[in-house]
Enquirer: 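The structure under discussion is supplied below as structure tokens; questions concerning it will follow.
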Amino acid sequence: SSGVPVHNDCLTAFQQLKLGKKIKYIVYTLNATNTEIVVEKSSSSSNYEEFIADLPENECRWAVYDFEFEKEGAKRNKICFFSWSPDTAKIKPKMVFASSRDGLRKQLQGVQLEIQGTDPSEIEFETGL
């Protein structure tokens with residue numbers, strides 16, 4: 001595949017999110033030369049608005065968010081993988097992000113839901129529930 005390699009930090013952060021529950025979300029991006037997938041940010045905030053604010057308006061990103069919600073009176077968790085590719089992003093980055101997505105996604109074992117977003121309405125909180 002034409003995908004680029006995934007930096008080890010990407011998997012380390014994901015394991016921490018999955019096991020430790022300290023990290024609530026991670027934003028992934030390509031490095032400046034488009035040769036590697038790296039962690040842009042990881043956060044312990046479970047505030048969904050903050051998470052969305054970390055996805056740039058005109059640039060592609062991938063992200064993992066640990067949804068916490070109540071179901072039948074019990075707390076549940078669901079790990080979601082986001083492919084954020086806004087309509088306003090430039091064509092070339094969109095293509096590189098699209099071709100590199102699977103390389104990252106396949107290494108993140110334990111994702112329960114995938115969400116693709118091209119504009120903010122597609123990644124509202126309810127989408128993850």
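Quick note: numbers below take in every heavy atom, side chains included, and nothing from hydrogens, waters or symmetry partners. Nothing here was measured: the structure is a model prediction, and the numbers come from that model. Positions are given from 1, in the same order as the sequence printed here.
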Enquirer: Who are the ring pair (Phe, Tyr, Trp, His ring centres under 6.0 Å) partners of F82, not counting sequence neighbours?
Expert: F51

Enquirer: Donor-acceptor pair, R105 side chain versus L108 backbone, under 3.5 Å?
Expert: yes

Enquirer: For R61, which residues count as a salt bridge (Lys or Arg N to Asp or Glu O under 4.0 Å) partner, sequence neighbours excluded?
Expert: E40, E59

Enquirer: If you measure only the distance, is there a donor-acceptor pair under 3.5 Å linking the side chains of S43 and S45?
Expert: no

Enquirer: Test of understanding: clusters of I, L, V, M, F, W, Y form through side-chain heavy atoms closer than 4.5 Å, transitively. Do V4 and V39 belong to the same one?
Expert: yes

Enquirer: Is the number of heavy atoms from other residues, nucleotides or ligands within 6.0 Å of CD (E57) greater than 12?
Expert: no

Enquirer: Would E72 and R76 count as a side-chain contact (heavy atoms from CB on, under 4.5 Å) here? Give the steps.
Expert: CA-CA 10 Å; E72 294 148 18; R76 303 281 179 94; 3.8 Å; yes

Enquirer: If I take atom CG from residue N8 and atom CD from residue E36, how far apart are they, to the nearest 0.5 angstrom?
Expert: 8.5 Å

Enquirer: Could you check whether S121 and D119, counting side-chain N and O atoms only, form a donor-acceptor pair closer than 3.5 Å?
Expert: yes

Enquirer: Which heavy atom in C60 sits nearest to a heavy atom in S85, and how many Å separate them?
Expert: SG-OG, 3.7 Å

Enquirer: Out of curiosity, I115 CD1 to E124 CD, how far, rounded to the nearest 0.5 Å?
Expert: 11.0 Å

Enquirer: If you take all heavy atoms of V6 and L11, which pair is closest and at what distance?
Expert: CG1-CD2, 4.4 Å

Enquirer: Can you measure from CH2 (W84) to CZ (F97) and round to the nearest 0.5 angstrom?
Expert: 12.5 Å

Enquirer: Measure across A63 and L55 and return the closest heavy-atom pair with its distance rounded to 0.1 Å.
Expert: CB-CD2, 4.2 Å

Enquirer: What are the two closest non-hydrogen atoms of L104 and C10, and how far apart are they?
Expert: CD1-CB, 4.4 Å

Enquirer: Do any N or O atoms from the side chain of T29 and from the backbone of W62 form a donor-acceptor pair under 3.5 angstrom?
Expert: no

Enquirer: Listed by chain and number, what are the salt bridge (Lys or Arg N to Asp or Glu O under 4.0 Å) partners of K94, not counting sequence neighbours?
Expert: none

Enquirer: Could you check whether the rings of Y25 and Y65 sit parallel, tilted or perpendicular, using 30° and 60° as the cut-offs?
Expert: parallel

Enquirer: Hydrophobic clusters join Ile, Leu, Val, Met, Phe, Trp and Tyr when side-chain heavy atoms are under 4.5 Å apart, directly or via other members; which others share one with I91?
Expert: M95

Enquirer: Mind checking what makes ring pair (Phe, Tyr, Trp, His ring centres under 6.0 Å) contact with F14, not counting sequence neighbours?
Expert: none

Enquirer: Applying ring pair (Phe, Tyr, Trp, His ring centres under 6.0 Å), can you list everything that pairs with F69, at least two apart in sequence or on another chain?
Expert: none

Enquirer: Q112 side chain to I79 main-chain N or O, any donor-acceptor pair under 3.5 Å?
Expert: yes

Enquirer: Over all heavy atoms of both residues, which pair between P93 and K90 is shortest? Give the atoms and the distance, please.
Expert: CD-O, 3.3 Å

Enquirer: Does any part of the side chain of R101, heavy atoms only, come nearer than 4.5 Å to the side chain of F81, both counted from C-beta?
Expert: yes

Enquirer: I need the I37 CD1 to S100 OG distance, nearest 0.5 Å.
Expert: 5.0 Å

Enquirer: For S99 and V96, indicate whether the former's side chain and the latter's backbone hold a donor-acceptor pair under 3.5 Å.
Expert: yes

Enquirer: Do T118 and E122 pair up side chain to side chain, a donor and an acceptor below 3.5 Å, judged on atom types alone?
Expert: yes

Enquirer: Rounded to the nearest 0.5 Å, how far apart are OG of S83 and OH of Y28?
Expert: 12.0 Å

Enquirer: Would you give the length of the straight line joining atom OG of S46 to atom CD of E68, rounded to the nearest 0.5 angstrom?
Expert: 6.0 Å

Enquirer: Run the side-chain contact (heavy atoms from CB on, under 4.5 Å) test on D9 and V38 for me, step by step, so that the C-alpha distance in whole Å, both residues' side-chain angles and the decisive distance to 0.1 Å come before the verdict.
Expert: CA-CA 7 Å; D9 289 353; V38 295; over 6 Å; no

